Amino acid sequence: MIMAARSVRTNGWPFTEGRPSFMYMDTLCPFGHEMSKRKTYKIFLSLEDRIDADLEFDKDPGRRPRLARFAVTYSARIGGRWREVVRYDNFHGYLHRQRFWRTREPEPLSTLERLPILDLLNVCRQDLARHWRRYRSLMESMLKEE
């Protein structure tokens, strides 16, 4: 029996089949006094398109974990292989975007850095949710020119 995939909305992300897979990893500081928790997961927009999220939380003893750093990447399977298309991240100490159909160089997004980190993450997620098809098209066009 063949079933048609249907579009579902989960936490603001459109996706077609499957559920996000979660992987948790705790990282301990060599001295044991600091701890960070990293959460990574994938959200499939289609069988050929996905969002990879990498979230790192600071955890101070006696306090709730707090989002410290993130990377959100839209990847597409084009020509039989997965390619990174666009990424937002602040792992290097500043918020930036990389549009891989143009260049691998990061573009600083300094005007957004004033926002609280959860709002930054939400802005990046919303951009990818709204524009991933356009970004895929731009990457496909760039690959055809090569």
Side-chain angles (χ1 to χ4, degrees), residues 2-30 34-60 63-146:
I2 297 174
M3 297 183 70
R6 62 174 207 207
S7 185
V8 179
R9 278 204 173 266
T10 302
N11 294 333
W13 288 102
F15 73 101
T16 308
E17 289 186 356
R19 299 203 181 274
S21 58
F22 294 96
M23 179 184 78
Y24 296 94
M25 176 176 59
D26 286 332
T27 307
L28 294 174
C29 176
E34 293 178 16
M35 208 165 67
S36 68
K37 184 172 191 161
R38 196 170 216 162
K39 178 176 155 182
T40 61
Y41 58 94
K42 298 176 188 316
I43 300 170
F44 284 86
L45 305 166
S46 75
L47 295 174
E48 305 290 317
D49 302 278
R50 72 176 190 227
I51 303 290
D52 299 315
D54 188 358
L55 311 175
E56 187 174 282
F57 298 84
D58 285 339
K59 186 175 179 194
D60 296 323
R63 297 187 123 172
R64 294 178 55 198
R66 183 179 61 84
L67 181 62
R69 288 171 287 285
F70 69 87
V72 183
T73 307
Y74 163 59
S75 298
R77 188 183 339 228
I78 301 171
R81 69 182 260 232
W82 284 102
R83 299 173 187 270
E84 292 180 329
V85 179
V86 63
R87 175 188 304 135
Y88 289 93
D89 86 63
N90 68 349
F91 269 91
H92 306 291
Y94 65 100
L95 179 66
H96 63 277
R97 172 177 56 193
Q98 290 170 277
R99 295 185 284 186
F100 294 105
W101 66 88
R102 289 184 171 186
T103 178
R104 295 195 70 83
E105 293 299 314
E107 304 170 49
L109 299 172
S110 53
T111 57
L112 295 175
E113 283 188 320
R114 292 177 240 165
L115 294 173
I117 193 161
L118 291 175
D119 291 342
L120 280 177
L121 178 59
N122 197 35
V123 167
C124 298
R125 286 178 31 170
Q126 287 176 7
D127 178 68
L128 293 178
R130 287 184 189 130
H131 303 291
W132 66 271
R133 287 179 181 90
R134 183 171 148 261
Y135 296 152
R136 179 187 179 98
S137 177
L138 291 166
M139 178 61 94
E140 289 171 331
S141 295
M142 185 274 296
L143 292 170
K144 285 178 187 173
E145 293 174 7
E146 288 185 345

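A quick note: this is a predicted structure, and the numbers were derived from the prediction, not measured.
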key: Candidate pair L118 and F70, rule side-chain contact (heavy atoms from CB on, under 4.5 Å), full reasoning   = CA-CA 10 Å; L118 291 175; F70 69 87; over 6 Å; no
### Task
Report the distance from atom CG of L112 to atom CG of L95, rounding to the nearest 0.5 Å.
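Going from CG on L112 over to CG on L95, the span is 6.0 Å.
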| said: For a 4.5 angstrom cut-off between non-hydrogen side-chain atoms, does I51 reach V72? | reply: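 Sidechains of V72 and I51: in contact.
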>> Applying side-chain contact (heavy atoms from CB on, under 4.5 Å), can you list everything that pairs with P65, at least two apart in sequence or on another chain?
In response: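 Only F57, K59 meet the side-chain contact (heavy atoms from CB on, under 4.5 Å) criterion with P65.
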Margin query: Does anything in residues 110-121 form a salt bridge (Lys or Arg N to Asp or Glu O under 4.0 Å)? List the pairs, not counting sequence neighbours.
Written below: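 Listed once each, the pairs would be none.
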Q. In this structure, which one of K42, R50, Q98, R87 forms a side chain to side chain donor-acceptor pair (under 3.5 Å) with T73?
A.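 Filter result, single survivor: R87.
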- request: Test side-chain contact (heavy atoms from CB on, under 4.5 Å) on R64 and R66 and set out the steps.
  value: CA-CA 6 Å; R64 294 178 55 198; R66 183 179 61 84; over 6 Å; no
Can you name the nearest heavy-atom pair linking [X] to [Y], along with the distance?
X    : Y    : answer
E84  : R104 : OE1-NH2, 3.8 Å
Y135 : L128 : CE1-CD2, 4.0 Å
L143 : I78  : CD1-CG2, 3.7 Å
E56  : R38  : OE1-CZ, 3.8 Å
D89  : H92  : OD1-CD2, 3.6 Å
S75  : W82  : O-CZ3, 3.6 Å

- request: Determine, step by step, whether R136 and Y74 satisfy the side-chain contact (heavy atoms from CB on, under 4.5 Å) criterion, reporting the C-alpha distance in whole Å, the side-chain angles of both residues, the deciding distance to 0.1 Å, and the verdict.
  value: CA-CA 9 Å; R136 179 187 179 98; Y74 163 59; 3.2 Å; yes
Fill in: Salt-bridge present (K144, E140; N to O < 4.0 Å)
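E140 and K144: not salt-bridged.
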Exercise. Tell me, please, which residues at least two apart from R102 pass side chain to side chain donor-acceptor pair (under 3.5 Å).
Key: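 With sequence neighbours excluded, R102 shows a side chain to side chain donor-acceptor pair (under 3.5 Å) to no residue whatsoever.
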Q. What pairs with N90 under side chain to side chain donor-acceptor pair (under 3.5 Å), at least two apart in sequence or on another chain?
A.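 Side chain to side chain donor-acceptor pair (under 3.5 Å) list for N90, sorted by chain: empty.
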| said: Closer than 3.5 angstrom, by distance alone: can the side chain of H96 be matched with the main-chain N or O of Y88 as a donor-acceptor pair? | reply: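 No; zero donor-acceptor contacts below 3.5 Å.
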Note to self: Between L55 and Y41, is the side-chain contact (heavy atoms from CB on, under 4.5 Å) condition met? List the steps.
What the structure shows: CA-CA 9 Å; L55 311 175; Y41 58 94; 4.0 Å; yes
Self-check item: salt bridge (charged side-chain N to carboxylate O under 4.0 Å, His left out) partners for E107, two or more places apart
Solution: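 Result, salt bridge (charged side-chain N to carboxylate O under 4.0 Å, His left out) vs E107: R97, R99.
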**Report entry** Partner residues of F91 under the ring-ring contact (aromatic ring centres under 6.0 Å, His included) criterion, sequence neighbours left out
**Finding:**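 With sequence neighbours excluded, F91 shows a ring-ring contact (aromatic ring centres under 6.0 Å, His included) to no residue whatsoever.
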